[in-house]
Amino acid sequence: MTENGTVRAPAAVPVVEVEDLTVRVRRGSTLLTLVEGLSYQVAPARSLAIVGESGAGKSIGIRAVLGLLDPRRFEVTGTVRLAGVDLATLPKAKRRGLVTSVASLVFQDPTRSLNPTMRVGPQIAEAMLAGSGRPDEAAGEPAVGRAEARRRSVELMRDVGIAAPEERYFAYPHELSGGMRQRIVIAIALACQPKVIFCDEPTSSLDVTTQAAIIDLLDGLRESRSIGTVVVTHDLALAASRAEQVLVMYGGQAVETLPAKGIARTSRMPYTQALIRAVPDVGTPGRPPRPIEGLPPDPRTPPPGCAFAPRCEHVRDDCAEERPALVEVSTGHSVRCWHPVAVTGQETTAANLPAARQPEVTR
Ligand SMILES: Nc1ncnc2c1ncn2[C@@H]1O[C@H](COP(=O)(O)OP(=O)(O)OP(=O)(O)O)[C@@H](O)[C@H]1O
Ligand SMILES: [Mg+2]
């Protein structure tokens, strides 16, 4: 109840909450940091795009959230809550069950996600049967029988836009186009009725028209089934046009997170701006895309200051001294930069930057 007596709807529990996720890999006697201090959350039916160049830690970050990294090689710290449940509070055996009942993962290449020797329909039904022996049976949901799994799989195939699903149920993956195969992978991802779908470059192996159709499909499912989506992509244009929130990763860290709408105007991190200039359709129309010079940092030799400093066209002497923190500059917008730029190209006020080291203010 609010002060004036109206009843406020309770805020939806995020389908995924990640707090201070750090991933290190063992290399000989040392530990290399691949992802550091990553935090984000996604509410039901909302979408987050994670963008950044190759090697930024996008895939490793997702695999860590889903508990898919081999603990003998990777050390993962931080908090992951799926549908409000902190995975660390569950015994190991139950953790896997919760992850598979709440979250699904769609990979870039549908051919590798499907079993080439098995007809596609039964692959969906199998995922459903595997998922139906899960913990929420205790909450009154009966396990799905074979006939029911088959009926629901045909329905799912229809839902993901596959025409004549009764016939295609019996097709082998190689008998379908790339786009159709990715739709089957999405149907498999939906089989356990997940609350969140993680997609790692879901469309990069597809042609442009099919890419758009698959993204349309994911958007439709997000709304109709109230599923949250986390889409990893190199394609900033895609991220900006389809997601609600964008998280930009660089050298294993979030360097900017901001609402996707108007990103070309609102971004204040030089790296995000460089990414924007590197794609033709998000930057200024008519201006040719400009690739970012230089290479991203190597996790074996992390730079002492801002990781982007060696490639940044706004770099100042003090940028390379210390790592900047990720600082909120407005609601839903945080930046990791000593000298965030404004749309006008002017440096912004220091009001929101860490007190320990305030940059001079340009008036
Ligand atoms: N299995 C692994 N063992 C050790 N290091 C790894 C492993 N997989 C990835 N890395 C390293 O982790 C860092 C992040 O890799 P990751 O695959 O997450 O990047 P990415 O952002 O997904 O890149 P891409 O866009 O190319 O898919 C890279 O430096 C990579 O070399
Ligand atoms: Mg990747």
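For this chain, numbers begin at 1 and follow the sequence in order. Both counts, for ligands and for their atoms, begin at 1 and track the order of listing.
Close approach of ligand 1 to H234 (heavy-atom distance below 4.0 Å) involves ligand atoms 25 (O). The distance from ligand 1 to the heavy atoms of V25 drops below 4.0 Å at these ligand atoms: 4 (C). Per-residue contacts place R27 under 4.0 angstrom from the following atoms of ligand 1 (heavy atoms of the residue considered): 4 (C), 5 (N). Against a heavy-atom cut-off of under 4.0 Å, S54 is close to the following atoms of ligand 1: 23 (O), 24 (P), 25 (O), 26 (O). Taking a cut-off of under 4.0 Å to the non-hydrogen atoms of F74, the atoms of ligand 1 that pass are 1 (N), 2 (C), 3 (N).
Clustering ILVMFWY residues whenever any of their side-chain heavy atoms sit less than 4.5 angstrom apart, transitively, puts F74 in the very cluster that holds V99. V231 and I188 are not part of a single hydrophobic cluster, where members link through side-chain heavy atoms under 4.5 Å apart.
None of the N, O or S atoms belonging to S54 lies under 2.8 Å away from the Mg ion (ligand 2).
Within the structure, the closest approach of R63 to ligand 1 does not fall below 4.0 Å when heavy atoms are considered. Distances from ligand 1 to the non-hydrogen atoms of M249 include no value under 4.0 Å. Look at G55 and you'll find a heavy atom under 4.0 Å from some atom of ligand 1.
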Side chain to side chain contact (heavy atoms under 4.5 Å, CB included) between F198 and L66, intermediate numbers included
CA-CA 9 Å; F198 290 83; L66 297 177; 3.8 Å; yes
Go through the steps for D159 and L190 under the test side chain to side chain contact (heavy atoms under 4.5 Å, CB included), then give the verdict.
CA-CA 10 Å; D159 290 350; L190 291 170; 5.7 Å; no
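In this model, no donor atom of one side chain and acceptor atom of the other lie less than 3.5 Å apart for T79 and E17. Between the side chains of D298 and T301, no donor-acceptor pair is found at a separation under 3.5 Å.
By the definition of a contact as any protein heavy atom under 4.0 Å away, atom 2 (C) of ligand 1 is in contact. The protein reaches atom 29 (O) of ligand 1 closely, with a heavy atom under 4.0 angstrom from it.
Looking at P299 against ligand 1, only its side chain comes within 4.0 Å, counting heavy atoms. Residue I60 touches ligand 1 through backbone and side chain together, judged by heavy-atom distances below 4.0 Å. Within the 4.0 Å heavy-atom criterion, neither part of Y250 lies near ligand 1.
For K58, the NZ atom is densely surrounded, since the number of other residues' heavy atoms within 6.0 Å is greater than 12. By the 6.0 Å contact criterion, CD on E167 is open, its count of non-hydrogen atoms from other residues, nucleotides or ligands being 12 or less. By the 6.0 Å contact criterion, CZ on R151 is enclosed, its count of non-hydrogen atoms from other residues, nucleotides or ligands being greater than 12.
For ligand 1, one of its N or O atoms has an N or O atom of K58 under 3.5 Å away. The shortest N or O to N or O distance between A56 and ligand 1 is below 3.5 Å.
In this structure, the side chains of L258 and M269 stay at 4.5 Å or more apart for every pair of heavy atoms. In this structure, the side chains of H314 and C337 stay at 4.5 Å or more apart for every pair of heavy atoms.
Given atom 6 (C) of ligand 1, the protein heavy atom at minimum distance is L34 CD1, 4.0 Å. Ranking the protein heavy atoms by distance from atom 27 (O) of ligand 1 puts S59 OG, 3.9 Å first.
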